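First up is the structure itself, then whatever we jot down about it.
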Protein chains: 4
Amino acid sequence: MKTQPTRHERRKLHTRRKLLDAARQEIARRGYEATGVLDITEAADVSKGTFYLHFRDKEDLTRTLILEGFAALRTRLTEALGASPRPADSMEEALRVVFRHAAENRDLFRIMLGRQASAELQMTALEYFSNAVEEIIRGQIVPDRPLPLPPDLLARFITGAGVQVGLWWIEDDHGLSPEAIAAILYRLLTRGVLPDSLPVSPA
Amino acid sequence: MKTQPTRHERRKLHTRRKLLDAARQEIARRGYEATGVLDITEAADVSKGTFYLHFRDKEDLTRTLILEGFAALRTRLTEALGASPRPADSMEEALRVVFRHAAENRDLFRIMLGRQASAELQMTALEYFSNAVEEIIRGQIVPDRPLPLPPDLLARFITGAGVQVGLWWIEDDHGLSPEAIAAILYRLLTRGVLPDSLPVSPA
Amino acid sequence: MKTQPTRHERRKLHTRRKLLDAARQEIARRGYEATGVLDITEAADVSKGTFYLHFRDKEDLTRTLILEGFAALRTRLTEALGASPRPADSMEEALRVVFRHAAENRDLFRIMLGRQASAELQMTALEYFSNAVEEIIRGQIVPDRPLPLPPDLLARFITGAGVQVGLWWIEDDHGLSPEAIAAILYRLLTRGVLPDSLPVSPA
Amino acid sequence: MKTQPTRHERRKLHTRRKLLDAARQEIARRGYEATGVLDITEAADVSKGTFYLHFRDKEDLTRTLILEGFAALRTRLTEALGASPRPADSMEEALRVVFRHAAENRDLFRIMLGRQASAELQMTALEYFSNAVEEIIRGQIVPDRPLPLPPDLLARFITGAGVQVGLWWIEDDHGLSPEAIAAILYRLLTRGVLPDSLPVSPA
DNA sequence: AATGAATGAGGGTTCATTCAT
DNA sequence: GATGAATGAACCCTCATTCAT
């Protein structure tokens, strides 16, 4: 059992991959709603019928695409932060990892969060990020000093701000490295937006 | 003279209003993409043809809906802040006004910003808010102390955070008054999210 | 009884005339099928409802337009040929009258016979002409020398040829006067198309 | 290899043929304008969507129908007249071929030339025939005896007459064989319509 | 596993016609 | 008599999905 991927299986996986890649490009280019199954299959150079051999429908494929992206990001975060990260320091490092990942997966981030998404998709992705952030927040609560605000509210605040900063930077990096934009976001989140609390020279 | 806005015109305006109201409800319920022109006209109890007498297409109607909303909010803000608001104090007051307005126009805010929107719509609304915030920021820059961060980036940060907090609160107010949620957001924006800077008792 | 046309009636007739004129122009410009009732009423500067006060529908109006044209032509023919025309000579004269009339009523002839017509209209007009020609033919049959061909066939032959020659000339008169084109058509009809029977210098 | 026009392709061609046949019948019955795509697909017993798989729109299909008809007629003429026809004799023979073809393709001729056409279609078909006739005329001009009339005018004359005679005969053959009606038309065209020049016994 | 012809519900839109004013 | 808002049937067309091959 599990001897080899049976050429057949390799071929099948290859087709599936072609579809996912084509979908990412097409959706990033034309937007989720405007991209038809035909656009995807033509870009993948397979027949329309084949699509339904691999995915239940367009939403299924897109969800797969996004979950793959999340999984990859998670892996990367885990690797970068080690098994037991010390939270305080690790937050900024986590942001750095996320921005680096975003830079390398622009299409995917646009599909998840930008105009190219469907509102549905956008909210789903946002919720995913938000849940992850909430998880982290909950992990940091110490029993004798409970948080004065609901963790899910904090998570939404952070995620909303982070996503918009991320999109601003993905559209045009303004000469900022992933590390630089991570530092800015970290500072804004932890110190607020009043001029006094802002760094003197950002970039 | 001018006694009669020509019953005709009154009738027409009435129909137009019925369409706008029906559209707001239907889109809030089913989402922008899932709502057909037929759904709207049926809810408004007019014929499909009538729709096209008043609006070029679904997008036109929705844009009208949203612009109306923006206009109403702007009016309200202007009234509340007076002719010459002192910026520093007025920020929190502005947030209060916005949250009060949001509470009274849940459907509209969901349509603009929530899952019910199209991604396109969502970004457009977000941009609108973001531009308004940017405007305010630029208005506060004093020549001898320039902002260390691009105003549009700050605006995106604030808007992203604000919108998510707003949606969190619109979905379920968690027992928080508009004033309370405005205070929380203001605090998070100006002092950051670290536990130390958070108030002791939120609501 | 019949005192004066009662200002009211004059006004009504005036509106009717405006509609007919507008229709002729619009249909000549855009074609019968492509011309909407709205196009006509706007050109006539009356409301859409008014249209149906004067005509049952678009076809009714168009038929009226064409019948008016026929009536005018008939009047002109009667005047020109006198009460008892001697057939032989009168045929060419009749053609001259028709071509003169066509030149002065291009729009109408285009609507009846050209691309601007509906196929229905075209055949109706053609049948009208054909019937008129048949009438003439039957009037010339002398009992002891019956025609060797059915009069309706001859009439269709003549009408078909005449209409196409007429359209050729209406589109561009090629420098030919009504009299000249009438002479050509007469010659072709009576002598045939073989080179030998053709006149030496046409125009 | 090439044994199989890929059952797929055969099936597709079959569907296409069903659509063309159904369209010919329906348009012949109800007229071009009055026939909807739905009428055609129902008659062909395929779904509405299938229509658009084979033709861009109704006009596209109709053009195809007519061009097919022209092509078939042209083939037949070429076969009948041989490679190098002697013009003089061949004109009557050509008419015979055309009338035979018309008899076997009544629906198509009605669609192209009769009330069932759109005026547009009618003029297009007429122009096609007219151009063909003009071609023939030009081919017969001998340098030292130039035609005294413009070839296109002659062509229009002949075509107009021929089409009307053809329609007269297609509607009801009046007991005339294709050969007989061809002879009549030939005689009328070459000798004119005056009683003296007409044959004594028509059929 | 792959194909692509066929499906058909549903979308947006137009426009001749009606009718209350 | 004139108006024009409202009607609704009918149209063309797209596209996600199915299914026979």
Side-chain angles (χ1 to χ4, degrees), chain A residues 6-16 33-41 45-59, chain B residues 4 6-16 33-39 41 45-59, chain C residues 6-16 33-41 45-59, chain D residues 4 6-16 33-39 41 45-59:
Chain A
T6 344
R7 187 170 302 145
H8 230 151
E9 282 168 5
R10 279 217 318 277
R11 184 157 169 57
K12 181 167 185 184
L13 240 59
H14 179 231
T15 300
R16 186 185 160 86
E33 303 288 355
T35 303
V37 171
L38 193 62
D39 296 318
I40 297 171
T41 54
D45 196 33
V46 298
S47 82
K48 224 184 337 170
T50 301
F51 182 94
Y52 293 90
L53 233 47
H54 292 273
F55 303 97
R56 191 157 15 77
D57 51 31
K58 193 170 63 164
E59 206 213 310
Chain B
Q4 8 168 164
T6 18
R7 191 167 299 142
H8 246 152
E9 281 165 5
R10 280 217 317 277
R11 187 159 166 57
K12 186 165 188 178
L13 239 58
H14 179 231
T15 301
R16 185 186 161 86
E33 303 288 355
T35 303
V37 170
L38 194 61
D39 297 317
T41 55
D45 196 33
V46 297
S47 80
K48 213 178 355 164
T50 301
F51 182 94
Y52 293 94
L53 210 58
H54 292 273
F55 303 99
R56 191 155 15 77
D57 50 31
K58 193 172 60 164
E59 204 213 310
Chain C
T6 343
R7 185 167 305 145
H8 229 151
E9 283 168 4
R10 279 217 318 278
R11 184 159 169 56
K12 182 168 184 182
L13 239 59
H14 179 231
T15 301
R16 186 185 159 86
E33 303 288 354
T35 303
V37 172
L38 193 63
D39 297 317
I40 297 172
T41 55
D45 197 33
V46 298
S47 82
K48 222 180 344 168
T50 301
F51 182 94
Y52 292 91
L53 232 47
H54 292 273
F55 303 98
R56 192 158 11 81
D57 51 29
K58 193 172 63 166
E59 205 212 310
Chain D
Q4 9 168 163
T6 19
R7 188 168 301 141
H8 247 151
E9 280 164 6
R10 280 217 316 278
R11 187 158 167 58
K12 186 166 190 180
L13 239 57
H14 179 231
T15 301
R16 185 186 161 87
E33 303 288 353
T35 303
V37 170
L38 195 60
D39 297 316
T41 54
D45 196 34
V46 297
S47 80
K48 220 199 316 190
T50 301
F51 182 94
Y52 295 94
L53 211 57
H54 291 273
F55 303 99
R56 194 157 11 78
D57 50 31
K58 193 172 59 164
E59 205 213 309

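This structure is a prediction, so every number in the text was calculated from the model and none was measured. These numbers come from the heavy atoms of this one structure, side chains and all, not from hydrogens, waters or symmetry mates. Numbers restart at 1 for each chain; the letters A, B, ... are given by sequence-line order, proteins then strands.
- Using a 4.0 Å heavy-atom cutoff across all strands shown, B:R56 reaches sugar-phosphate atoms only and no base atom.
- Comparing E:dG12, F:dT7, F:dA2 against the side chain of B:K58 picks out E:dG12 as the nearest.
- Nucleotide E:dA20 forms a Watson-Crick or G-U wobble pair with F:dT3, both donor-acceptor distances falling under 3.5 Å.
- One atom, OH of D:Y52, and another, C1' of E:dA6, lie 15 Å apart when rounded to the nearest Å.
- Mapping D:G36 and B:L53 onto DNA chain F by nearest heavy atom places B:L53 at the nucleotide closer to the 5' end.
- For the pair B:L13 CG and F:dG4 P, the computed distance is 16 Å after rounding to whole Å.
- Using a 4.0 Å heavy-atom criterion, one finds that C:H54 contacts the sugar-phosphate atoms exclusively.
- Residue B:F51 contributes atom CZ, which lies 18 Å from atom P of E:dC15 at whole-angstrom precision.
- Base pairing of F:dC11 is made with E:dG12, judged by Watson-Crick or G-U wobble geometry with both donor-acceptor distances under 3.5 Å.
- What separates NZ of D:K12 from P of E:dG4 is a distance of 10 Å, to the nearest Å.
- Residue D:K48 has its side chain nearest to F:dC13 when only F:dC13, E:dA6, E:dA16 are considered.
- With E:dA6, F:dG1, E:dA2 as the choices, the nucleotide that has an atom nearest any side-chain atom of A:S47 turns out to be E:dA2.
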